[in-house]
Protein chains: 2
Amino acid sequence: MRYGFFDDKNREYVIDKPDTPMSWINYLGTSEYACLISNNASGYSFYKSPRLGRMTRMRFNSIPMDRPGKYIYIRDEADGDFWSASWQPVAKPLKEYHSQCRHGMGYTRFISEYKGIKSNYRVFVPVDKPLEFWEIELLNLSSETRTLSLFSYAEYCLWNNDSDLSNFQYCLYIARMGYYDGIVDYSIVLWPYYEPKGFMASILPVESFDTDREVFIGNYHNEANPAAVLNGKCFNSIAYGGNPCAALQNRIILASGEKKRALFIVGIGDAKTDGAQYRALYQDPDKVEEEFIKVREYWNKKLGKYTIQTPSNIVNTMGNIWNPYQCNTTFNWSRSASFNEAGGRDGLGFRDSNQDTLGVVHCRPEEVKDKIKDLLKAQLSEGYAMHHVQPLTLVQGRHNLPESGGIYSDDHLWLHLSIASYIKETGDEIILHEIVPYADKGEATVYDHLKQALDYSWTKRGEHGILLGMAADWNDCINLKGKGESTWSSFLYFKALTEFTEIAKRMGAQQDVRKYSEYAAEIKTSLIKYAWEEDRFIRGYLDSGRKLGSKQSEQSKIFLNAQTWAVVSGAFRDEKGKTAMDSVRNYLFTEHGNVLNYPAYEKHDPEIGAITSFPKGLKENASIFCHANTWSIIAEAMLGRGDRAFEYYMSFLPAAKNENADIYTMEPYVYCQFITGKEHPYYFGRARNSWLTGTASWAYVALTQYILGVRADYDGLIIDPSIPSDWDGFKVYREYRGKSFTITVQNPNQVCHGVSEILLNGETIQGNKIPLSKMKKTNIVIIRLNACNS
Amino acid sequence: MRYGFFDDKNREYVIDKPDTPMSWINYLGTSEYACLISNNASGYSFYKSPRLGRMTRMRFNSIPMDRPGKYIYIRDEADGDFWSASWQPVAKPLKEYHSQCRHGMGYTRFISEYKGIKSNYRVFVPVDKPLEFWEIELLNLSSETRTLSLFSYAEYCLWNNDSDLSNFQYCLYIARMGYYDGIVDYSIVLWPYYEPKGFMASILPVESFDTDREVFIGNYHNEANPAAVLNGKCFNSIAYGGNPCAALQNRIILASGEKKRALFIVGIGDAKTDGAQYRALYQDPDKVEEEFIKVREYWNKKLGKYTIQTPSNIVNTMGNIWNPYQCNTTFNWSRSASFNEAGGRDGLGFRDSNQDTLGVVHCRPEEVKDKIKDLLKAQLSEGYAMHHVQPLTLVQGRHNLPESGGIYSDDHLWLHLSIASYIKETGDEIILHEIVPYADKGEATVYDHLKQALDYSWTKRGEHGILLGMAADWNDCINLKGKGESTWSSFLYFKALTEFTEIAKRMGAQQDVRKYSEYAAEIKTSLIKYAWEEDRFIRGYLDSGRKLGSKQSEQSKIFLNAQTWAVVSGAFRDEKGKTAMDSVRNYLFTEHGNVLNYPAYEKHDPEIGAITSFPKGLKENASIFCHANTWSIIAEAMLGRGDRAFEYYMSFLPAAKNENADIYTMEPYVYCQFITGKEHPYYFGRARNSWLTGTASWAYVALTQYILGVRADYDGLIIDPSIPSDWDGFKVYREYRGKSFTITVQNPNQVCHGVSEILLNGETIQGNKIPLSKMKKTNIVIIRLNACNS
């Protein structure tokens, strides 16, 4: 069963069955002000921080599902019947109420029809103002003149989300709402003294208003049947304490065939000044359209730096539109603003945000640089990093020490990947000399930050010469502690060491090159000696010395990450790597992707950690964790096995689930955190926790840099595809260092991999890299794949 | 407008209009397991801690209001129509659905009638088992045989309330529900490893079940129209991850006039063992009734220690039933389990729990002793106290230091009142020699704990010789910090010093008597010199030296507590005290009680604190804060001005608001935290934050010990009433030190106050105290009031 379809021409996903099994959402806003909005117009808005600047409220994991949001009620004054511009909250029967939700790039539109009235409701956030537009056009399709009331309705949150969720004996006594000349004034006073301001304005004359939720909704009513809408008029209530809201009534008379427009503006600022100014400005529909065009241009620019044309439509849809759109969203909001988490993950996850840069560095290099520097400020002078950081509130000092036992083995090692990727993309090696403070004390060049991270990990090796697992590694739920060691962290360390060695070479730091090359070699030796086991790499050692993820293990005997990263790290692009990846195929592969481990844990094991506490097939315990699945694509592509890389790519591609959305349940246009694994007794193949996941950037890297194989290097652009053998070829347009490349890859021999020469602007170049020196402003590149070498 | 009435015979409050303006709730359970239940059967259950052991879920401050709870749906199989045993959640039209909710002592009952079916649904928690009974009787009043389905429904919470409210990406993947032989098994696994267990059983055969909320309710449905009830059958779902629930279907066929019974048992324990055992045991209705009788006996015993008979029915209702019932509830749960706070105030408030002992020490002395010792463990070795303490998790050590700036000037000084009250009631002076550890390090006798507290405060005096305000005093929102001084804390200090001096005298510690008497005298001298101002005591000094609550102050010029405590502390039972209390009457009195300060703050003043951030008339900013109003009763009673004491008592008595419940909005049977003050622009007289408030114990003290005047002393029972002059007298039955006293007070001269002799068992005793030596097992006491001396 499907609930919608892709409209690639408009870069939209169109939901024509509104009763989706989960909230299918979109993110509006690209800078400081943002909204989340579902296909039923639910969602919330915030300013700068979803935890500390939550402006409007949504109830998470609640019953009724998905309320409230950005609602416009439409009431026919002739009979009092009313509905909403989105299906919910009034939820008229779907036989009579026809509706499309179109999630686009930075906007969402609801086109609905009920009783001869067609409404076209568009919500978007301008690129540079803390506002949201609720713009609605009404068209009278009936033969009679119709008198309609519109009621806008937003429920305000009391700014600090934690307090709003729990501390009612305080937060219900801080609102001081107002109403001035048609504009609702959202004003609360927090202690310590802080007075956020917001407003809701309407460009049409206001018939009535409410600012007190209890009055607008009415006791024992809900958003489906608000007292004010039933009443045909708001009650002009002022919330002084209590739960604030904003509701404005407009009246619209429509002759048969006539179309009229209303606009509600919701935003941050003072009602009397900012609100009044914005209302005056946006009386003119062209001014609103100008803002909308800027949003379009913003996304055109972001998505236009790398476009693809492959034989697969859904690959093109995901690669050109939705995957980069998701990458930009994860980059903007880390894991802080979602429908899965009411606010606790505010700010940046250290490892998350490092990885998020990988998906946008080609289109937002300056912002990536800023983000990397924010992250470096959350590294401690010893070398390790804070696991979470909120740049808005971070201050250098002792209070920034992670709690004892709270140091992760991997956080600080992601810096080497993000910074290498940034320099390869931009050529900006100057960043290495910039001085950035540490979280606790002191400061150092970026180069020295990187060294410090490597030196720290060198001191955190265990008995087998591989890295200690500490609080956790990438897998938050493998908590080895004590003498426990992580193979995976050691692969990441190897990767960080080799990335750094390349950087050190470019800096001419021969001593560093030597030292860290030796470190890498020693780590690899230990991995061969202690982590390799016939057909797999084990996942590590427990504090007691038992092996983790080994044939000898009592429960889970093989882990995905220990195989993929053998290859991804670059340490084992050899027979061991191939064998390990064959074991992935043998033990972990399913039609929805590779499970993280197998068999699932069924018994609690305190030495292994939280992974053993989850039900089998969920989360870190043998689910199809999408983030980790991207690495199986990359590993196979690095081995040149394009058929398998592509099979893995397709297995968990959301767009591939569109026709089985009742099983998959979540958005078919963005990646989720995990898909329920094969060992779950009831729901194999069900997606959970969509949007803000490290999957986005790595899936984009996997597709663009490894399957299509076009990736930046320090001194040129590598083109090294690993594609399915049945592709005749593909095209890529890519910008790099201010130049453009139109790349055509031909595959007449139906192979997977193999580039030995490149035809650049008519000139043949040996190898698979276009050197900087040969690049023109505009480049035409043609490549013909050799016989498959895998 | 009224929504219900008192049924004193049954000790019940009966709500016959279910659409109350707020949730009117009851507390079930007296020990480790408890439920909150509203007049619409909403509410939640918890084990030991509402934050760390939240078993069933309720959505706070939500829309729809008041869901979910302890619901039983009744479905007529003939036509599929269904309703609920409480009005909500199905909420049939009140013309067709007739309903009474009877909140009793430890139970709540819903008697409803719809379409010829009468249901009598009783919920209660046994006194000594972690269970709740959902017992329902159905009577067929119609002339036809009816086939009915019952569906029980509880939504489980995921144990840790903070996580349940926000961290969905974790907590939605920990449930492992089961179903065994008719019993729902609630099982979740938390990390660090912990596996709480619960169950729901039915004594009737189970037709179908659900354990997955989304399946029972259905997408886009809610508790008013669950998919399973619409369907006529549950879906036998197992939640493995997701949101767990418990729903069981019974089928009942009722001939005309026939009555049948069903019972659902919800509790803590393993389904297969505990659940099955309880189900077997309670097949027998008599066994359930035995448990109910134990609840009755529990409350009979608690409420029987002190009973009154005055000329006022509502005073009798409150004094005999609801006020002591509320006192016991506040004592049990401090401020942790309410509808105002989703979980953040778990455990004990230091000052709150000290004061809560005052209302129950006569009926629960052993538990008071334990609580006092728990509180002493939260005192630090320097003498001050932790503001909040969770005895379940408190461990001695450095981590128990309050944060810098988090020390209150008053917390530790309440110990002297609670311990003095405990010894006066019980005579147990041995407690003073018991050794109790401090929160941070070391240990000391209770006597030395008390001294340490006094010595600490002596070091925390300011420039005017009165106590520094520090983080706050009783008023959490007066945050003076720096050099700011609090008159009120100084009154409390004076009271603590004099209570302690009495104790020291009894211990024969002459040096201590001398030292602390001198301290008290010096404090009093400073107060006269620096806090008295013509007709009032000022509230203190700000860091800058400006006066707080003075005629010279820019905003609020007089505070209630600074006047009442002049008298309550015992420092100024003189003309100054009388003049100060006359100013209360002149400036602060309203028909709903005395406002806390006047005029309200309108401008933010960072030197004064959070009080200046609240809207006027709400919370600490000039509302009628009920807790503080109790002290105006006591002060007037201490001054012998019984008319005024009683006027104050009646002004904010909830029962006195019963006929204007649409204004008052909250429960007319229990005190609330505050009533909106006269300066609020919209809602003067509206109650908020009911049940768990220091008002309960102090209102009980005010009525029983000061208006009726019967109070325990170290060496006897004082009888010193201050009553309204139009009372002809009153009777009190009181138990004290294992003896009983039937006290008749006669007031033939229509005076307020004045006892010069007591007729004890026929013998005349001079003064107003019955000495221990004269007491028999059973005592008849007659007193005639003299001419009013006020």
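Reminder, nothing fancy here: chain letters follow the sequence lines and each chain counts from 1.
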[X], part contacting chain A, at a heavy-atom distance under 4.5 Å:
X       : value
D476(B) : neither
A610(B) : both
E195(B) : neither
R213(B) : side chain
N40(B)  : side chain

Chain B heavy atoms under 4.5 Å from [X]: which part of the residue, side chain, backbone, both or neither?
X       : result
D162(A) : neither
N225(A) : neither
N479(A) : side chain
R67(A)  : neither
P21(A)  : both
I188(A) : neither
P226(A) : neither

May I ask you to name which of [options] has the most heavy-atom pairs under 4.5 Å with chain A?
options                  : value
F60(B), Y682(B), Y240(B) : Y240(B)
P606(B), S62(B), G343(B) : S62(B)
K619(B), R688(B), M65(B) : K619(B)

Any idea which heavy atoms bring [X] and [Y] closest together, and the distance?
X       : Y       : result
F168(B) : N340(A) : CB-O, 3.0 Å
A175(B) : P615(A) : O-CG, 3.7 Å
L618(B) : G241(A) : CD1-CA, 3.7 Å

* Validation row, ring centre Y173(A) to ring centre F674(B) under 6.0 Å ->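 Close enough - the centres of the two rings lie under 6.0 Å apart.
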* Distance flag, aromatic centroids of W87(A) and Y220(B), threshold under 6.0 Å ->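 Distance test on ring centres: under 6.0 Å, yes.
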* **From R59(B) atom CZ to I63(A) atom CD1, the distance as rounded to the nearest 0.5 Å** =>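 One gets 5.5 Å once the value is rounded to the nearest 0.5 Å.
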* Asked: Does the side-chain contact (heavy atoms from CB on, under 4.5 Å) test come out yes or no for R345(B) and Q169(A), once each step is laid out?
  -> CA-CA 10 Å; R345(B) 301 180 98 188; Q169(A) 70 89 26; 4.0 Å; yes
* Asked: Is it true that the side chains of N61(B) and N243(A) contain a donor and an acceptor less than 3.5 Å apart?
  ->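 Yes, a side-chain donor-acceptor pair sits under 3.5 Å.
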